[in-house]
Protein chains: 2
Amino acid sequence: MGTAKLLDSQWRSSYVTQRLKAFAQRCRERGMSVTPQRLGVIKALLTCENHPSAEEVFVRVRRHQKHISLATVHRILEQFCRVGEARKVTPLHDTARYDGHVEPHHHVVCVGCRCVRDVEIPEADRLLKSIPNLGEFAVLGGSLEVYALCAKCRSKSQKTSNRRNSRPKTKSEAACLSVQAT
Amino acid sequence: MGTAKLLDSQWRSSYVTQRLKAFAQRCRERGMSVTPQRLGVIKALLTCENHPSAEEVFVRVRRHQKHISLATVHRILEQFCRVGEARKVTPLHDTARYDGHVEPHHHVVCVGCRCVRDVEIPEADRLLKSIPNLGEFAVLGGSLEVYALCAKCRSKSQKTSNRRNSRPKTKSEAACLSVQAT
DNA sequence: AAATCAAGTAGTAATTATTATCATGTAGTT
DNA sequence: AACTACATGATAATAATTACTACTTGATTT
Ligand SMILES: [Mn+2]
Ligand SMILES: [Mn+2]
Ligand SMILES: [Zn+2]
Ligand SMILES: [Zn+2]
């Protein structure tokens with residue numbers, strides 16, 4: 001038996017206060033101004049236990065800021081992801097991907113072009129089998145998503161390594177980069 | 001060093017022929033009629049190495065079936081997922097979720113209501129650290145997505161266990177089931 | 001202090017992915 | 001060949017996200 005366990009809300013709340021305390025500080029270091037909207041979003045995001053959607057964050061912030069715009073929440077959340085203040089639970093796809101290969105297996109995803117490849121990782125399978133439950137959750141299976149850079153994107157990012165963020169920000173941009181299929 | 005490795009296209013092509021051979025058979029067993037559209041979609045899906053999107057499948061099928069509709073492709077792909085003929089690479093979210101917790105960690109996702117919880121799995125972290133690369137991919141990190149059933153959904157699915165598929169099929173349906181946040 | 005400037009936002013339009021609707025077509029059966 | 005339940009095409013509707021634009025505000029310069 002392993003040491004896997006749920007992170008409890010006690011842990012979470014101490015993490016939250018720690019993160020919240022220095023938020024304004026970190027903003028200034030990054031040259032971002034500290035606005036009520038940004039404070040509202042980071043607070044809602046950290047406070048909410050639920051991996052909330054943009055919409056959910058919006059609703060929460062609006063409790064205290066009647067006039068905040070949903071578009072602003074989207075913008076701020078994406079910005080937070082760029083600067084490392086938040087992350088998407090699934091940065092993998094903007095749109096669903098399908099796989100004809102239905103036996104259990106894992107994936108590598110290139111964070112540059114978002115191409116996906118199948119991977120076999122027996123250790124991960126063994127690991128998953130060794131976890132029958134996580135707190136109240138009855139484990140059914142799982143999938144290891146490995147984030148990586150493919151060869152093309154590695155060479156590409158060397159040339160542009162001094163640019164700002166190499167991750168494509170818009171769908172159209174991502175589409176331009178994406179590798180052509182057969 | 002472990003035994004993790006990419007599944008090569010040689011493996012894939014034998015898998016494809018094997019799957020394709022009995023496809024019509026399996027359809028009939030499930031009471032699904034075998035249409036040119038479904039044949040086109042399964043073939044495109046299996047042939048294409050790329051974990052294609054619905055749009056990409058659509059483009060491929062259209063090469064041979066000029067008049068096929070994108071809506072049909074969506075419909076068929078979702079159906080394939082329901083009957084086990086395909087799977088979403090990320091069945092997790094219909095819409096992006098955000099997390100204020102940026103340190104590396106893993107997630108459990110309830111396949112019923114799609115609620116998400118943080119998990120700590122040191123073995124998975126060790127495992128990931130032990131894989132510096134996968135073929136041409138330079139590994140950066142990764143995340144284990146554990147699929148599970150939460151307590152609520154377990155009791156719910158007992159009552160409705162003889163229904164068809166317990167997974168919510170539409171967003172509105174999922175919304176109805178989803179657990180209320182604080 | 002007035003003018004200038006830049007960053008950020010609200011409100012809204014546009015875009016994109018997905019699902020619903022419904023009239024028509026067809027695969028599987030008799 | 002005829003029948004019928006299921007499938008499809010065409011299109012509308014919905015939902016998530018992003019783009020656009022005018023406006024606000026606070027800082028900087030004159
Ligand atoms: Mn796959
Ligand atoms: Mn998390
Ligand atoms: Zn790449
Ligand atoms: Zn659940």
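Proteins come first, then strands; the chains are lettered A, B, ... in the order of their sequence lines, and each starts at number 1. Only this structure's heavy atoms are used, side chains among them; waters, hydrogens and symmetry mates stay out.
One interatomic measurement links the two molecules: CZ of A:Arg28 to P of C:dA7, which rounds to 18 Å at whole-angstrom precision. In this structure, the CZ atom of B:Arg30 is 18 Å from the C1' atom of C:dG28, given to the nearest Å. One atom, CG of B:Leu77, and another, C1' of C:dA17, lie 13 Å apart when rounded to the nearest Å. As a whole-Å value, the separation of A:Phe58 CZ from D:dT17 P is 14 Å. Summarising the geometry, the separation between CD1 on B:Ile76 and C1' on C:dT18 is reported as 15 Å, rounded to the nearest angstrom. One interatomic measurement links the two molecules: CZ of B:Arg62 to C1' of D:dT8, which rounds to 16 Å at whole-angstrom precision. Per the geometry, CZ belonging to A:Arg38 stands 11 Å off P belonging to C:dA10, to the nearest Å. The CD atom of A:Gln79 sits 16 Å away from the C1' atom of D:dT17 (whole-angstrom rounding).
A:Glu55 comes within contact range of no nucleotide atom at all, as no heavy-atom separation falls under 4.0 Å. Note on A:Arg75: a base of the nucleic acid sits closer than 4.0 angstrom, heavy atoms only.
The minimum heavy-atom distance between A:Phe58 and A:Leu70, with the atom names listed, is CE1-N, 3.4 Å. Residue A:His106 comes nearest to A:Asp125 through the heavy atom pair NE2-OD1, 2.8 Å, listed as atom of the first residue, atom of the second, then distance.
At least one donor-acceptor pair closer than 3.5 Å links the side chain of B:Glu56 to the backbone N or O of B:Ser53.
No salt bridge links B:Glu136 with A:Lys152; every basic N to acidic carboxylate O contact stays at or beyond 4.0 Å.
In terms of phosphate contacts, B:Gln65 brings no side-chain nitrogen or oxygen within less than 4.0 Å of OP1 or OP2 of D:dG9. A close approach under 4.0 Å does not occur between any side-chain nitrogen or oxygen of B:Thr35 and OP1 or OP2 of C:dA27.
The listed nucleotides are D:dT18, C:dA27, C:dG8; the one nearest the side chain of B:Pro36 is C:dA27.
Mapping A:His67 and B:Met32 onto DNA chain C via the closest heavy atom, the residue that lands nearer the 5' end is A:His67. Nearer to the 5' terminus of DNA chain D, by closest-nucleotide assignment, is the contact made by B:Ser33 (compared with the other of B:Ala71 and B:Ser33).
Ring centroid separation for the pair B:Phe80 and B:Phe23 comes in under the 6.0 Å cut-off.
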